[in-house]
Visitor: 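Input: one structure, supplied below.
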Amino acid sequence: MNTTQGIIFDIKRFAVHDGPGIRQTIFLKGCPLRCWWCHNPESQNPAIEKAYKSYKIEDQEFSEEIEIGRIVNVADVMRVIRKDILYFDGSGGGVTLSGGEPLHQPDFTCELLKACRAEGIHTALDTCGYAEKDVFMKIAGMSDLLLYDLKLMDDELHQNFTGVSNEIILSNLKLAIGLGTTIFIRIPLIPSITDTEKNITSIWEFLSELKGISEIDLLPFHDFAKSKYRRYEKASLIDDIEVEPSSNIQEIKETFEILNIPVKIGG
Ligand code: SF4
């Protein structure tokens with residue numbers, strides 16, 4: 001029995017936007033980035049945390065203490081994963097590790113990928129790419145598919161909107177090309193932040209130099225996460241983002257299609 005432990009905050013069964021086919025997505029706690037538009041603010045802190053969930057019944061406000069995150073071991077998670085194997089096989093799906101940032105819990109992520117591989121289950125690693133080179137190379141090579149986020153090419157803007165430099169992220173992506181793992185690039189289209197002509201052109205130029213990208217996914221912004229920030233009483237910068245979705249999505253799609261790589265809107 002594999003007893004390697006990790007902290008997760010959710011398991012989503014029958015997911016259809018986290019890679020091909022019907023998938024089970026395991027959400028791990030902890031992320032080194034602090035993106036303004038983060039849809040999973042409860043994922044960022046690596047530890048189990050207490051939060052207060054507020055709700056209203058008629059005109060009365062209530063607040064309830066909850067815990068975000070739980071300790072599990074690989075064997076526990078594999079038991080849940082096995083329930084959906086028939087759906088994976090029938091749809092070309094599998095398991096996606098997401099978060100948070102799965103590379104933030106390298107031992108757990110590594111063991112979970114290994115356990116899935118041993119049972120012939122397809123795996124995807126949804127990553128921001130921000131990890132030490134050795135950790136990244138070891139783990140990225142163990143997944144069948146990398147869902148690799150590219151946000152901003154200008155390093156100053158990257159630091160401003162995510163809290164970290166993009167240097168490691170870009171360098172790890174170049175290294176990943178040599179691993180032979182299938183790579184889908186995911187670009188969140190945040191109005192007036194990542195969807196600008198300058199940023200899209202820079203991403204295009206960067207990707208045109210790389211051979212071995214199998215798909216580009218453009219992820220339109222939505223503000224559904226605002227309620228989570230309120231619910232968990234977390235400080236938010238998402239309110240400062242324009243709500244109107246990018247008006248130039250089709251144009252961006254056509255720009256990337258020139259690279260002869262399939263481009264999808266949505267994950
Ligand atoms: S990398 Fe993903 S999980 Fe981490 S802060 Fe950014 S959006 Fe949130």
Side-chain angles (χ1 to χ4, degrees), residues 6-12 15 17-19 25-49 51 68-69 96-106 108-109 124-132 135-136 139-140 143 145-173 176 183-195 199 203 217-232 234-242 245-246 266-267:
I7 301 180
I8 65 169
F9 67 96
D10 201 6
I11 294 182
K12 184 164 80 183
H17 296 292
D18 302 325
T25 305
I26 318 294
F27 292 91
L28 283 79
K29 283 272 277 165
C31 183
L33 274 62
R34 292 291 178 270
C35 305
W36 280 34
W37 51 87
C38 183
H39 286 158
N40 291 326
E42 74 276 37
S43 73
Q44 294 172 351
N45 182 339
I48 296 172
E49 55 189 318
I68 304 174
T96 299
L97 303 191
S98 183
E101 170 50 62
L103 298 173
H104 211 61
Q105 297 187 53
F108 180 65
T109 294
L125 184 69
D126 181 10
T127 181
C128 69
Y130 192 88
E132 280 175 25
V135 169
F136 176 78
I139 297 177
S143 69
L145 169 65
L146 284 181
L147 302 172
Y148 203 104
D149 290 358
L150 274 189
K151 300 170 171 73
L152 284 156
M153 295 304 287
D154 180 287
D155 197 27
E156 214 177 303
L157 290 178
H158 199 280
Q159 289 185 41
N160 183 37
F161 287 109
T162 74
V164 302
S165 162
N166 63 12
E167 217 175 289
I168 295 174
I169 295 169
L170 300 180
S171 135
N172 278 341
L173 177 55
I183 303 174
F184 290 3
I185 298 295
R186 286 154 73 97
I187 306 171
L189 295 177
I190 314 302
S192 306
I193 300 176
T194 65
D195 73 349
N199 189 48
I203 295 179
D217 297 336
L218 304 174
L219 310 177
F221 174 69
H222 60 74
D223 64 349
F224 305 153
K226 274 189 182 180
S227 60
K228 279 196 189 178
Y229 285 88
R230 274 193 296 273
R231 200 179 327 135
Y232 298 129
K234 287 192 173 281
S236 160
L237 288 166
I238 203 171
D239 289 325
D240 295 341
I241 298 175
E242 285 172 31
S246 311

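Order of appearance sets the numbers: ligands from 1, and atoms from 1 within every ligand. These numbers come from the heavy atoms of this one structure, side chains and all, not from hydrogens, waters or symmetry mates.
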Visitor: Just to check, does Glu101 reach to within less than 4.0 Å of ligand 1 when the distance is taken from its heavy atoms?
Guide: no
Visitor: Any non-hydrogen protein atom below 4.0 Å of atom 6 (Fe) of ligand 1?
Guide: yes
Visitor: Can you list the ligand 1 atoms lying under 4.0 Å from a non-hydrogen atom of Cys35?
Guide: 1 (S), 5 (S), 6 (Fe), 7 (S)
Visitor: Aromatic rings Phe136 and Tyr148: how do their planes relate, parallel, tilted or perpendicular, breaks at 30° and 60°?
Guide: perpendicular
Visitor: Any side-chain heavy atom of Ile169 within less than 4.5 Å of one from Lys151?
Guide: no
Visitor: Give me the nearest non-hydrogen protein atom to atom 8 (Fe) of ligand 1 as residue plus atom name, then the distance to 0.1 Å.
Guide: Cys38 SG, 2.3 Å
Visitor: Classify the ring geometry of Phe161 against Trp36: parallel below 30°, tilted from 30° to 60°, perpendicular beyond 60°.
Guide: perpendicular
Visitor: Check Gln44 against ligand 1 and report side chain, backbone, both or neither, counting heavy atoms closer than 4.0 Å.
Guide: side chain
Visitor: I need the atoms of ligand 1 closer than 4.0 Å to a non-hydrogen atom of Gly100, numbered in the order shown.
Guide: 3 (S)
Visitor: Is a side-chain donor-acceptor pair under 3.5 Å present for Asn199 with Thr194?
Guide: no
Visitor: Please report which non-hydrogen protein atom sits nearest to atom 4 (Fe) of ligand 1, along with the residue it belongs to and the distance in Å to one decimal place.
Guide: Cys31 SG, 2.4 Å
Visitor: Would you say the side chain of Ile68 lies within less than 4.5 Å of the side chain of Lys29, judging by non-hydrogen atoms?
Guide: yes
Visitor: Within the structure, is a non-hydrogen atom of Asn40 found at a distance of less than 4.0 Å from ligand 1?
Guide: no
Visitor: Run Asp126 and Arg186 through side chain to side chain contact (heavy atoms under 4.5 Å, CB included) and show every step you take.
Guide: CA-CA 9 Å; Asp126 181 10; Arg186 286 154 73 97; 4.2 Å; yes
Visitor: At less than 2.8 Å, would any N/O/S atom of Cys128, backbone or side chain, sit next to atom 8 (Fe) of ligand 1?
Guide: no
Visitor: Compute whether any side-chain donor of one residue and acceptor of the other, for Gln159 and Asp155, lie under 3.5 angstrom apart.
Guide: yes
